[in-house]
Amino acid sequence: MSAETLRAGRRVYLDHAATTPVDARVLAAMLPYFSEKFGNPNSPHAFGREAVAAVDDARDTVAACIGAKANEVYFTSGGTEADNWALAGIMRANAERGRHFIVSAVEHHAVLEAARALCKEGFSCYVAPVDGAGAVDVAALKGLLRPDTVLVCLMAANNEVGTVQPLAEVSALCRERGILLFSDAVQAAGTLPVNVNSPHVDLLSLSSHKLYGPKGAGALYVRSGVKIAPLLFGGRQERGRRGGTVNVPACVGFAGALRLCAAEREREHARLFALRERFARQVLAGTDALRNGDAKHSLPGVVSFTFDGTDGEAVLYALDLAGVAASGGAACSSGAPEPSHVLLAMGRSEAQARASVRFSFGRENTEEDADFAAETVIQTIQKLRARRAEE
Ligand code: PLP
């Protein structure tokens, strides 16, 4: 059989930073809560009590996985809501302390757009720069702190290039000055240890669908004693801080998925790191790709490359046709014409940012997938370059 025949129909998913498939064990745990155990957790009868017990269990699990107390965990509709809530809730509730906050330049749009909206409300925000690998410049961030700074937002690890942030250093800076620290751990929680006490953070966001749980579920951790205004007004759910009927199956699935990630973390981290490096070595040997981000301090499954002189959208399209699903930086903004703000902040040019592709490995990927994907990337880049040379 020819190599082409072997390749035919093969599809390799390398976009786990965009979303992951729901783990079969997680799905099985969720299913009863759609049908026979369908109660509303706010109802006082037996159906409601059954639902409450499931949500309580899920909250205990999430709390245990991140070193928190159960009453510090609030379920949300995902990472975006948790990020929006952290910023708006803290700034609005603590306006008497100050109206200034800081975000890193490489935060997810869920943080950056919330920051933009708050600035329209009269709050002010500084953006902390990052170095060439995408890690926040701690000295520069320190220089931006003001007496009226209430909050610093620094993600645990970046979604586009995988770089792990120097959270411990920034946590120490914030604690010395009594400034609250919020960390978006949406990408980190599936593969890296996340503990709200080490380093100390006051708020932390999580999303279920990045770690083999269902979409539309997540949580915001809020340290006891921290004042936060609600984002969603309604009933007295989530101890009066978030209105809306809790999505019971989603909470069950999210918590189960997080527990599995925690249990399998060390083995899976080593496996993903090896797979990613196997892939990266071949791509770097077979093309003139530039690697973006920090290869050592990074999410184990994520690697981003710039293929100078190519159009990233065209690369993604050609890869998709050849059976490899990847992403141009952030999935949430794919289709949008703007180049990635993360790559620009790291010092890549607009053309380079547009010529970049992110590959993110996950639980079901194998060495064969890594080899197939690397070969496909090399051939695709060669073909696109050859076509360009002819034009
Ligand atoms: N924060 C980061 C770092 C992300 O990567 C994402 C999703 O891509 C989000 C927040 C948003 O999470 P969700 O999709 O659950 O709204």
Side-chain angles (χ1 to χ4, degrees), residues 13-22 26 62 66 73-89 103-117 130 134-136 153-165 167 182-192 194 201 203-221 231-232 242 244 247 250-251 253-255 257-258 261 292-293 298-304 325-336 340-343 345-346 358-362:
Y13 184 77
L14 295 184
D15 202 11
H16 293 81
T19 197
T20 53
V22 174
V26 167
V62 172
I66 61 169
V73 172
Y74 298 86
F75 286 118
T76 66
S77 63
T80 299
E81 183 193 328
D83 286 355
N84 277 226
W85 187 15
L87 271 76
V103 299
S104 90
V106 296
E107 296 299 302
H108 189 269
H109 287 294
V111 167
L112 295 179
E113 292 305 318
R116 209 185 302 276
V130 296
V136 78
C153 306
L154 179 62
M155 66 200 330
N158 183 263
N159 47 303
E160 293 192 34
V161 294
T163 301
V164 171
Q165 296 293 337
L167 202 58
F182 161 56
S183 187
D184 172 338
V186 164
Q187 289 291 339
T191 48
L192 301 177
V194 168
V201 296
L203 301 115
L204 181 132
S205 60
L206 299 168
S207 172
S208 154
H209 74 107
K210 309 289 186 181
L211 41 85
Y212 307 92
K215 294 173 182 57
L220 181 65
Y221 157 80
L231 186 69
L232 297 186
R242 183 205 186 251
N247 184 344
C251 293
F254 166 36
L258 188 61
C261 286
N292 298 310
S298 59
L299 295 168
V302 175
V303 61
S304 161
S327 160
C332 325
S333 59
S334 70
S340 145
H341 67 285
V342 173
L343 295 167
M346 288 164 56
R358 174 189 71 188
F359 301 90
S360 44
F361 288 78

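We use all heavy atoms of the structure for the numbers below, so side chains are in, but hydrogens, waters and symmetry mates are not. This structure is a prediction, so every number in the text was calculated from the model and none was measured. Whatever order the structure lists them in is the order used to number ligands and atoms, beginning at 1.
Looking at A82, S205, G79, it is G79 that brings a heavy atom closest to atom 13 (P) of ligand 1. For atom 2 (C) of ligand 1, the nearest non-hydrogen atom from the set V111, D184, V106 belongs to D184. Comparing heavy-atom distances from atom 6 (C) of ligand 1 across E81, H209, H108 singles out H108 as nearest.
Of the heavy atoms in D83, only side-chain atoms (C-beta onward) come closer than 4.0 Å to ligand 1. Residue-level proximity to ligand 1 for M155 is carried by the side chain, the only part with a heavy atom below 4.0 angstrom. Counting heavy atoms closer than 4.0 Å to ligand 1, residue V186 contributes side-chain atoms (C-beta onward) but none from N, CA, C or O.
In this pair, F254 and F75 present their aromatic rings perpendicular. The plane angle is above 60°, beyond the 30 to 60° band.
Between V62 and Y221, the closest side-chain pair of non-hydrogen atoms is not below 4.5 Å.
Annotation for ligand 1: atoms under 4.0 Å from non-hydrogen atoms of S207 are 13 (P), 15 (O). Counting atoms of ligand 1 from 1 in the listed order, those under 4.0 Å from a heavy atom of G78 are 15 (O).
Using a 3.5 Å distance cut-off with no hydrogens or angles, the side chains of K215 and T19 do pair a donor with an acceptor.
Smallest separation of non-hydrogen atoms from A105 and L112: O-CD1, 4.3 Å. The two residues N158 and E160 have their closest heavy-atom pair at OD1-N, 2.7 Å.
Atom CG of L220 is separated from atom OG1 of T76 by 7.0 Å, given to the nearest 0.5 angstrom.
At least one heavy atom of K210 sits less than 4.0 Å from an atom of ligand 1.
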